[in-house]
Amino acid sequence: DDPRELCGKLPGANILDATPENINDYCCGSWDLVVRDVEATLPAGLACEVLAELARQRVPEAFALRLELVCLKKIAYYLFAQGSS
């Protein structure tokens, strides 16, 4: 199967068209997006293997930690802004 065609079926702009200039237009930071993209672009058996290996390597936990750090950053910024006013 043609990767460009498979990626073109996903919502939003085709990820294979990403450039440094437009990368911020793409969704990111979510394990659910990784699962969606892997399942949409790989044969079912291979997708299961890839997702299982990513889980063994604790990639889902890395995404969860990223979310927690983003939230912590927002809280720290809010507290800084409150203390500065």
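Values reported hereafter were calculated over all heavy atoms of this structure, with side chains retained and with hydrogens, waters and symmetry mates removed. We're numbering straight along the sequence, starting at 1.
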Nearest-0.5 Å distance that lies between atom [atom1] in [X] and atom [atom2] in [Y]:
X	Y	atom1	atom2	result
Arg4	Ile15	CZ	CD1	11.0 Å
Leu65	Leu72	CG	CG	10.0 Å
Arg36	Thr41	CZ	OG1	10.0 Å
Leu51	Leu42	CG	CG	8.0 Å
Leu33	Phe63	CG	CZ	8.0 Å
Ser30	Leu67	OG	CG	9.0 Å

| said: According to a hydrophobic-cluster definition based on side-chain heavy atoms being under 4.5 Å apart (Ile, Leu, Val, Met, Phe, Trp, Tyr only), do Leu46 and Leu6 belong together? | reply: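 No; tracing contacts between hydrophobic side chains, which count when under 4.5 Å, never links both residues.
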
Please find the pair of heavy atoms, one from [X] and one from [Y], that lie closest to each other, and give the distance.
X	Y	value
Ala47	Glu39	CB-CA, 4.1 Å
Pro60	Leu54	CD-O, 3.6 Å
Tyr26	Ala18	OH-N, 3.5 Å

| field | Within-4.5 Å side-chain heavy-atom neighbours: Glu49 and Glu53 | value |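 Side chain of Glu49 against side chain of Glu53, heavy atoms only: no contact under 4.5 Å found.
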
| task | Answer whether the closest heavy-atom distance between the side chains of Val59 and Val34 falls below 4.5 Å. | result |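 In short, these two side chains do not touch, never coming nearer than 4.5 Å.
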
| message | Surrounding CZ of Arg58 (heavy atoms of other residues, nucleotides or ligands, distance under 6.0 Å), is the total greater than 12? | response |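 Not buried by this count: 12 neighbours or fewer within 6.0 Å.
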
